[in-house]
Amino acid sequence: MVIVVGAGFAGVEAAWTLASRGIKVRLYEMRPHQTTPAHTSEWFAELVCSNSLKSQNPDSPAGLLKSEMAALGSLVLATAREHQVPGGEALAVDREAFGAAITAAIRSHPLIEVVEEEWTPDRLGSEPTVIAAGPLATGPVSRWLAEVTGKRHLHFYDAVSPTVEAASIDRTIAFAQSRYDKGGDDYLNCPFDKESYEAFVRALVDAERVPLHAFEAGGVRDGESFGEEGFYEKVKYFAGCMPIEAIAEKGERSLAFGNYKPVGLTDPRTGRRPYAALQLRPENNEKTLYSLVASQNRLRFGEQKRVFRMVPGLEQAEFVRYGVIHRNTFIDAPGVLTPWLELREVPNVFVAGQLTGVEGYVESAAMGIWAGLAVSERVLSARDMSLPPRPTSFGSLLSHLQDQTEREFAPMNINWGLLPEPDPRPKAKADVRAFRLAAARAAFEEWTGSMPTS
Ligand SMILES: Cc1cc2nc3c(=O)[nH]c(=O)nc-3n(C[C@H](O)[C@H](O)[C@H](O)COP(=O)(O)OP(=O)(O)OC[C@H]3O[C@@H](n4cnc5c(N)ncnc54)[C@H](O)[C@@H]3O)c2cc1C
């Protein structure tokens, strides 16, 4: 029997991987009786924010990771593909149908027992345990991790984009087009001219922001407790999740060159590229809801309505969800985890998902699969599983989690930069990428060819 804590992206994959190899699993999930500040449903693997699982182009790092996961039997990917909604190159899903299907698959597996309770560390026993409690793990889990990992427990922010009703978008202004016409016309674009852009940026920067919640304001870092003030000093935003008002504060044109860059777009009303463009992506199959791409923020809800209604095309927008801010918890993996995701100081306890220091639904799910494989091998043959080779995307994520270079360890998505460079490096970027993909595919095939069959 293996204990898995949390039925999020990593937990369901770990449980599924173990059960698929004939191992009994007891899966603890506290929802719906107790919830987190971000989850709102009873579904396992709930998509707490975007409904996108990122690119499925096989020649991108995210697509490469997906192909490796699929080959390893990923439940998340198989279910996502069944409940896919239009999203251009991205694998976007109908969040309700996806969550319901994952939950049904797990609940009906004969080797998985679901316990609807909060797991606390006093339950640790002799069975192998996989902690996949996510970036919003409960207090007892976070505190215990902080204790056993020494001074390595951090908190910081993630920010979420708002969602609007499709019918409230002014289609005489917002136009359907993907950048460079790649990936269909699933995206809508709200085109700014210089004047409307500058007015929007001024309003954004001046708007009132949400104060920190108590649960976010306090934290432990490097062994010290700190309050709200300290948090603001120490908090680190991810590039991908930095609130747009913080980006806008860096310079008037920073959004026009970043989140709202207009490249590859032509406004049919003017026949020209807009000054800047806010993109909207469908949130469901029926395309009745659209989320504001890369518009995560921490403004007060009333302020969000006022400021985003200044965007051309959104003057009458009806908001069904506002941007919010959340805590993110992760451990300093290079110092505290083995490559099999086992806590160095507490043998037989494994950590999976975002808690390990990867970032994203898919990456978290991937680290759930890896924890499941590593524990399976331990249980079935008392051995350590052969590690995924460095050139693979699994190997690259693990290399991030094991990289001992002196640095401020921060969560990471799969990206080109994680895949190893050819030596010598060809001049053309396309050749470098082609090398990385080919090396990853060859290494993955060799690795899985040598794996014990399930
Ligand atoms: C607000 C927010 C928005 C995010 N938005 C995105 C996004 O748009 N795109 C993206 O790719 N990633 C996003 N992420 C990052 C991350 O990919 C997701 O949080 C992902 O769900 C992490 O997977 P996980 O399995 O590690 O944790 P989760 O999916 O959060 O799963 C953890 C599970 O453990 C349960 N749990 C927690 N503590 C206990 C306990 N003690 N006992 C029993 N059960 C417990 C929780 O209820 C939850 O079901 C976001 C994160 C946050 C916090």
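Only heavy atoms go into these numbers, but all of them, side chains included; no hydrogens, no water, no symmetry mates. Whatever order the structure lists ligands and atoms in, that order sets their numbers, starting from 1.
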Query raised in the report: Any side-chain donor paired with an acceptor under 3.5 Å for Tyr260 and Ser295?
Result: yes
Subject >> Donor on one side chain, acceptor on other, Gln56 and Glu89, under 3.5 Å >> reply: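 No donor-acceptor contact under 3.5 Å links the two side chains.
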Can you check whether [X] has an N/O within less than 3.5 Å of an N/O in ligand 1?
| X | result |
| --- | --- |
| Phe9 | yes |
| Val5 | no |
| Glu359 | no |
| Glu46 | no |

- [ ] Decide, yes or no, whether a salt bridge links Arg107 with Glu42 under the criterion of side-chain N to carboxylate O below 4.0 Å.
- [x]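 No, this pair does not count.
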Where the side chain of [X] meets the backbone of [Y], is there a donor-acceptor pair that is under 3.5 Å apart?
| X | Y | answer |
| --- | --- | --- |
| Ser161 | Ser291 | no |
| Ser364 | Glu359 | no |
| Arg95 | Cys49 | yes |
| Trp43 | Phe98 | no |

Counting heavy atoms under 4.0 Å, the part of Lys54 that contacts ligand 1 is side chain
Counting heavy atoms under 4.0 Å, the part of Thr138 that contacts ligand 1 is both
So if I count the atoms of ligand 1 from 1 in the order they appear, which ones are less than 4.0 Å from some heavy atom of [X]?
| X | value |
| --- | --- |
| Val141 | 41 (N) |
| Ser50 | 8 (O) |
| Gly353 | 26 (O) |
| Glu117 | 43 (C) |

Best match, [options]: closest heavy atom to [atom]:
| atom | options | value |
| --- | --- | --- |
| atom 18 (C) of ligand 1 | Gln354, Glu116, Arg31 | Gln354 |
| atom 5 (N) of ligand 1 | Cys49, Ala132, Ala10, Pro135 | Cys49 |
| atom 35 (C) of ligand 1 | Gln296, Glu29, Met30 | Glu29 |

Point to revise | ligand 1 contacted by Gln34 (non-hydrogen, < 4.0 Å) | key: no
Residues Leu419 and Thr392: closest non-hydrogen pair is CD2-O, 4.2 Å
Quiz prompt | Parallel, tilted or perpendicular, as decided by the 30° and 60° cut-offs, for the rings of Phe192 and Phe200 | solution =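 Ring orientation of Phe200 relative to Phe192: tilted.
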